[in-house]
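Any value given below was found using the heavy atoms of this structure, including those in side chains, with hydrogens, waters and symmetry copies removed.
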Amino acid sequence: MSAENLAGKWTRKSGRTLFDSITCVVFLFLDFLDAVLCVVFKLVDEFFEGNACTPCYCGKAGDKNGENKETEMLSESLYGRKYMLRNMGFLGFARKWRIYRKKKDDRDGSVNEGLMVNRWSDCGCQSCVSWMKKEYDQKLHVVVKNLPQVGRGDEAAENVIFLHGFLSSSSFWTETIFNNLSESVKDHYRLFAVDLLGFGRSPKQNDCMYTLLDHVERIDKSVISPFHLNSFHLVAHSMGCLIALALAAKYPKFVKSVTLVAPPYLPCAKDGATTSLMALNTFAGKTLWPPLAFGKSVMSWYEHVGRCFCVLFCRNHRIWEMILKLFTLRRELNFMEVDLTRHTHHSAWHNMHNVICGAAKLMDKYLEILNKSRSVKVCIIHGDHDMEVPLDCSNNTKKKFPELVELNMIENVDHTSVILGRVREFAKSLQHIWASS
């Protein structure tokens, strides 16, 4: 090996070592900061909310008692995230404080009734809490393009349910695809765009764990049952793909086709806990670069640091929207800019862990059900430059279920531009899928 190549190899190795050392130091500091914030939020929640405060997940799974059914639905990534300081100092104090408060509540006879409350750290504007004004069993917010029955005897228009991805809303579909379907298609389909639980204008209550089954049940109550759907197509992006597969597995005889855009699928390991933790490391692994990946890892690994960001940005989203309008000289903001902060930390945290990570261990089961039904068509669309969901997710799905899955890899597009950068082409592909199902 020449001296020049040896020097280059040594430089690269030194650079990687330095980068890894900096990464270790940064995340060690975040471990410590999250431990401190755990105590701070415990005290502040206690002051503002009393006994109604929602417990965090800094302790062990065994600390959560009396919720067997709910605990089974929780992702192992909630308690299985490895911290250097998890069993040290502040976290131990926080657990002792929680045990002390629980004993005191038992002596006083006070219990957490799980009432709908607007947390002090969440936004209280009319748009964010409008769902609280009605009865407790609030349904999801659904945008319906209710088309008339077509001229084919008594046959009604076919139904399509659209499910958005993480930190998004029904606007992802209504502002794009709904306006780009051909007139002939509009005469044959009734479109439903759903705000998933915890996002958009749908409920964001603090006593809800936001598990995969919660989403399925809410969609059932909000769309399938009230509109008497006996057949429908599903279109989903990112996180919505997991919910779409669970919904399709529940109603394999009702579903005609499932279109998944960048599905976060991982082959299920023998140990479900391993699959959930593997999903967390795959979709939000600890890294400093690129910046978007660093932000995602911080928000997914550090519950209390992430809540600080939500207190600053989500709770004050109207102020930030006003500032953005002022600097960009625009009267209306793009729907993606608005959706990014219109959620609560509680909903984002549980959807990341209990849906994206926790549902990873269930996907093989749902796909097996659809594979055996032989009546559902599953189409996957994935951009080859996607940095959010690895291409292996779609490739592994096709490899494991070759007869069930039709894979369409789109060149030169990423996680969002696979739809937003080619809206007309995407709308045409949907029309083809529906017509051929």
Side-chain angles (χ1 to χ4, degrees), residues 26-49 52-58 78 81 83 85 90-91 94 117-132 165-169 171 195 198-206 208 210 284 286-328 330 333-353 356 388:
V26 169
F27 282 100
L28 180 61
F29 170 75
L30 289 172
D31 287 348
F32 174 77
L33 179 61
D34 201 65
V36 174
L37 290 174
C38 177
V39 178
V40 172
F41 276 120
K42 283 283 191 300
L43 298 175
V44 177
D45 287 345
E46 181 72 22
F47 177 79
F48 282 107
E49 302 175 11
C53 58
T54 303
C56 65
Y57 297 94
C58 293
L78 284 172
R81 293 167 291 123
Y83 288 132
L85 304 175
F90 290 98
L91 291 182
V117 294
N118 186 50
R119 303 197 73 177
W120 68 269
S121 57
D122 296 335
C123 179
C125 73
Q126 184 176 358
S127 175
C128 291
V129 299
S130 59
W131 59 274
M132 296 176 65
F166 191 57
L167 302 185
S168 187
S169 75
S171 298
D195 278 346
F199 300 108
R201 297 185 180 180
S202 286
K204 306 174 182 67
Q205 58 260 57
N206 295 303
C208 179
Y210 298 94
K286 290 184 177 182
T287 182
L288 295 181
W289 193 263
L292 183 62
F294 172 67
K296 186 167 57 174
S297 63
V298 171
M299 297 297 289
S300 300
W301 284 82
Y302 300 101
E303 181 177 2
H304 305 289
V305 175
R307 188 178 174 187
C308 280
F309 280 98
C310 286
V311 170
L312 179 61
F313 292 102
C314 298
R315 188 175 189 271
N316 303 291
H317 67 85
R318 291 175 298 173
I319 297 176
W320 292 109
E321 289 169 11
M322 182 180 64
I323 294 174
L324 190 58
K325 288 179 181 179
L326 183 63
F327 276 91
T328 59
R330 288 182 290 168
L333 298 176
N334 182 277
F335 66 91
M336 293 186 66
E337 296 170 337
V338 174
D339 289 341
L340 189 61
T341 55
R342 290 203 173 183
H343 60 85
T344 65
H345 175 258
H346 185 80
S347 62
W349 180 260
H350 282 94
N351 275 293
M352 176 63 199
H353 286 276
I356 296 179
E388 303 294 320

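- Taking the charged nitrogens against the carboxylate oxygens, E321 and R342 do have a contact shorter than 4.0 Å, which makes a salt bridge.
- The CD1 atom of I319 sits 11.0 Å away from atom SG of C125, with the distance rounded to the nearest 0.5 Å.
- With ring centers used as reference points, F166 lies 6.0 Å or more from H343.
- With values rounded to the nearest 0.5 angstrom, L43 atom CG is found 9.5 Å from C38 atom SG.
- Atom CZ of F309 sits in a sparse spot, with 12 or fewer heavy atoms from other residues, nucleotides or ligands closer than 6.0 Å.
- The stretch residues 306-320 participates, sequence neighbours left out, in these salt bridge (charged side-chain N to carboxylate O under 4.0 Å, His left out) pairs: D45-R307.
- Counting only distance, with no hydrogens or angles, the side chain of H353 and the backbone of W349 share no donor-acceptor pair below 3.5 Å.
- Rounding to the nearest 0.5 angstrom, the gap separating the SG atom in C58 from the CG atom in L78 is 11.0 Å.
- Note that the CZ atom of F27 and the NZ atom of K286 stand 6.5 Å from one another [nearest 0.5 Å].
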(request) Step by step, work out the side-chain contact (heavy atoms from CB on, under 4.5 Å) result for L37 and Y302. (result) CA-CA 10 Å; L37 290 174; Y302 300 101; over 6 Å; no

(request) May I have the step-by-step check of side-chain contact (heavy atoms from CB on, under 4.5 Å) for H345 and E303, ending in yes or no? (result) CA-CA 9 Å; H345 175 258; E303 181 177 2; 3.8 Å; yes

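- A side-chain donor from one of D339 and S169 sits under 3.5 Å from a side-chain acceptor of the other.
- The closest donor-acceptor contact from the side chain of D34 to the backbone of L30 lies at 3.5 Å or more, if one exists at all.
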(request) For Y210 and M352, run side-chain contact (heavy atoms from CB on, under 4.5 Å): C-alpha distance rounded to whole Å, both residues' side-chain angles, the deciding distance at 0.1 Å, then the answer. (result) CA-CA 9 Å; Y210 298 94; M352 176 63 199; over 6 Å; no

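- Using a distance-only test at 3.5 Å, with no hydrogens or angles considered, no donor-acceptor pair links the side chain of D122 to the main chain of T344.
- R81 contributes a side-chain N or O that, together with a main-chain N or O of Y57, makes up a donor-acceptor pair within less than 3.5 Å.
- Within the model, atoms NE2 of H350 and CD1 of I356 stand 13.5 Å from one another, a figure rounded to the nearest 0.5 Å.
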(request) Could you walk me through whether H304 and C56 pass the side-chain contact (heavy atoms from CB on, under 4.5 Å) test, one step at a time? (result) CA-CA 9 Å; H304 305 289; C56 65; 3.5 Å; yes

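- W301 places no side-chain N or O within donor-acceptor distance of the main-chain N or O of D31, the cut-off being under 3.5 Å.
- Using a distance-only test at 3.5 Å, with no hydrogens or angles considered, no donor-acceptor pair links the side chain of T341 to the main chain of F313.
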